[in-house]
Trainee: 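Below is one structure. I have some questions about it.
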Amino acid sequence: MNKKPLLSAGLLTVFTLLFVCLVFLQSSVPVTDSTGYTPDLSKEYLVTQYSDATGVQATFYTIESEESFIIIDGGWTDNAEALRKVIAKHGNHVDAWILSHPHKDHAGAFNEIYANPGKITIDAIYDNGFDYDFIESVGEPYDDITIMETYYTLTKDADNIAHLKRGDRLTICGLTFDIYNAYDDIVLYTVGEEQDYQNNASLLFKVSSKNSSMLFCSDIKYDMASYLLTTYREELSCDYVQTGHHGNWSFSEEFYDATDASIYFIDAPESITDNVDFPASELKKRLLEKGKTVLDFKSAPNSVTLR
């Protein structure tokens, strides 16, 4: 009797069982956020900041629970493959995709995936309501408009897209979203000579769960800082903050003090956050001096819990 085939079959069975057990154990291990807290995803939400595969500044966050999966921005076009892997871990289903504004380091990966979704399905898309014709006519002093043009072409006839407006309050996957900034006449009248409409029209919004909240400042720059602080000072209080424009040329210390948050995210690598040539390094230093926690791409993926 030849025992080798039986032995080989037995080993194959053992290895298969071990692999199945390993996958099960990995999927059942509780997730712990960057503060050491283990969220109950049946009623809480995990917010995760990812670095970009390109190695430079970009914005890519997810918000997840047992029942839902939300993406905010997604990074550069070359981050699409990394983004696909994250989406695959959530069954290739996105409940909501929020685009803060159509710049390369925010919407590039979205364009790539939306044009070639494969198995990925997206229930709803939200953007900042930018005026394509206006931006095209005045130009884009701080970015290539190709990403905006591609995004507009891909989504202009979509029936699952909503253009957010200042003052909107909506519920997405059980979370409350309050919109404090989007493209409108206030931005047009406030941006001044720099004419950086796209960055300054990017979304400022607060995501709130039952007991905590996070403020997303997108790429808003200093042009809008005074107006937004004066108008929304009482609404800025939160637990966590995504700092504006990757921590550079954006909001003042007074603005961030008004949030009274404990944790601040800077969407940039060490080459920016620890480089004195960039304002982000000074912002990081000041926040740390105040006893705040600052998370950037050095330790990404970083996560906090909306309780």
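All values derive from a computational prediction rather than experimental measurement. All heavy atoms count here, side chains included; hydrogens, waters and symmetry mates do not.
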Trainee: What about L99 and Y61, same hydrophobic cluster or not, with Ile/Leu/Val/Met/Phe/Trp/Tyr joined at side-chain heavy-atom distances under 4.5 Å?
Mentor: no
Trainee: In sequence, state the C-alpha distance, the side-chain angles, and the governing distance for K104 and D144, and then conclude on salt bridge (charged side-chain N to carboxylate O under 4.0 Å, His left out).
Mentor: CA-CA 8 Å; K104 293 183 290 187; D144 184 344; 5.2 Å; no
Trainee: So which atom in P102 and which in Q198 form the shortest heavy-atom distance, rounded to 0.1 Å?
Mentor: CG-NE2, 3.4 Å
Trainee: Mind checking ring pair (Phe, Tyr, Trp, His ring centres under 6.0 Å) for H163 and listing every partner two or more places apart, or none if nothing turns up?
Mentor: none
Trainee: Does any donor atom in the side chain of T54 or D78 lie under 3.5 Å from an acceptor atom in the other side chain?
Mentor: no
Trainee: With sequence neighbours left out, what residues match Y183 under ring pair (Phe, Tyr, Trp, His ring centres under 6.0 Å)?
Mentor: none
Trainee: Would you say NZ of K285 has more than 12 non-hydrogen atoms from neighbouring residues, nucleotides or ligands within 6.0 angstrom?
Mentor: no
Trainee: Any sub-3.5 Å donor-acceptor pair from Y264's side-chain atoms to L283's backbone N or O?
Mentor: no
Trainee: Do the charged groups of D184 and K165 touch, with an N to O distance under 4.0 Å?
Mentor: no
Trainee: Tell me if a side-chain donor or acceptor on K206 pairs with a main-chain N or O of E235 at a distance below 3.5 Å.
Mentor: yes
Trainee: Quick one: does any side-chain atom of E44 pair with a main-chain N or O of D40 as donor and acceptor, under 3.5 Å?
Mentor: yes
Trainee: Once you round to the nearest 0.5 Å, how far does OG1 of T59 lie from CD1 of I266?
Mentor: 11.5 Å
Trainee: Testing the basics here: between N128 and S100, what is the closest heavy-atom pair and its distance to 0.1 Å?
Mentor: CB-O, 3.3 Å
Trainee: May I ask you to decide if G247's main-chain N or O and S250's side chain share a donor-acceptor pair within less than 3.5 Å?
Mentor: no
Trainee: So does T38 get a backbone contact from the side chain of T32, meaning a donor-acceptor N/O pair under 3.5 Å?
Mentor: no
Trainee: Is the centre of the F177 ring less than 6.0 Å from the centre of the Y126 ring?
Mentor: no
Trainee: Shared ILVMFWY cluster between L204 and W249, side chains joined below 4.5 angstrom?
Mentor: no
Trainee: Between atom CZ of F110 and atom CH2 of W97, what is the distance when rounded to the nearest 0.5 Å?
Mentor: 6.0 Å
Trainee: If we count only N and O atoms by modelled type, under 3.5 Å, do the side chains of N111 and T150 hold a donor and an acceptor together?
Mentor: no
Trainee: In this structure, which one of L46, T48, I71, I72 forms a side chain to side chain contact (heavy atoms under 4.5 Å, CB included) with I63?
Mentor: I72
Trainee: Counting distance only, does the side-chain N/O of N248 pair as donor-acceptor with the main-chain N or O of A280 below 3.5 Å?
Mentor: yes
Trainee: Are I120 and W76 linked, directly or through intermediate hydrophobic residues, by side-chain heavy-atom contacts shorter than 4.5 Å (ILVMFWY only)?
Mentor: no
Trainee: If you measure from NE2 on H101 to CG on N200, what distance do you get to the nearest 0.5 Å?
Mentor: 9.5 Å
Trainee: Would R286 count as a cation-pi partner of Y256, with NZ or CZ less than 6.0 Å from the six-membered ring centre and within 45° of the ring normal?
Mentor: no
Trainee: What is the minimum heavy-atom distance between E64 and L41, and which atoms define it?
Mentor: O-CD2, 3.8 Å
Trainee: Is the side chain of H93 donor-acceptor paired with the backbone N or O of T121 at a distance under 3.5 Å, no angle test?
Mentor: no
Trainee: Is it the case that D127 and Y151 place a side-chain donor and acceptor less than 3.5 Å from each other?
Mentor: yes
Trainee: Do H106 and H246 have ring centroids that are under 6.0 Å from one another?
Mentor: yes
Trainee: Taking the six-membered ring for Trp, is the centroid-to-centroid distance between F265 and Y240 below 6.0 Å?
Mentor: no
Trainee: Minimum heavy-atom separation for I172 and I98, please, with both atom names.
Mentor: CD1-CD1, 4.4 Å
Trainee: Hey, is the main chain of S213 close enough, under 3.5 Å, to the side chain of D239 for a donor-acceptor pair?
Mentor: yes
Trainee: Taking T305 for the side chain and R307 for the main chain, is one N or O donor matched with an acceptor at less than 3.5 Å?
Mentor: no
Trainee: Would you give the length of the straight line joining atom NZ of K284 to atom CD of E270, rounded to the nearest 0.5 angstrom?
Mentor: 6.5 Å
Trainee: Below 30° counts as parallel, above 60° as perpendicular, anything between as tilted: where do the rings of F255 and F251 land?
Mentor: parallel
Trainee: Could you tell me whether E67 atom CD has more than 12 heavy atoms of other residues or ligands within 6.0 Å of it?
Mentor: no
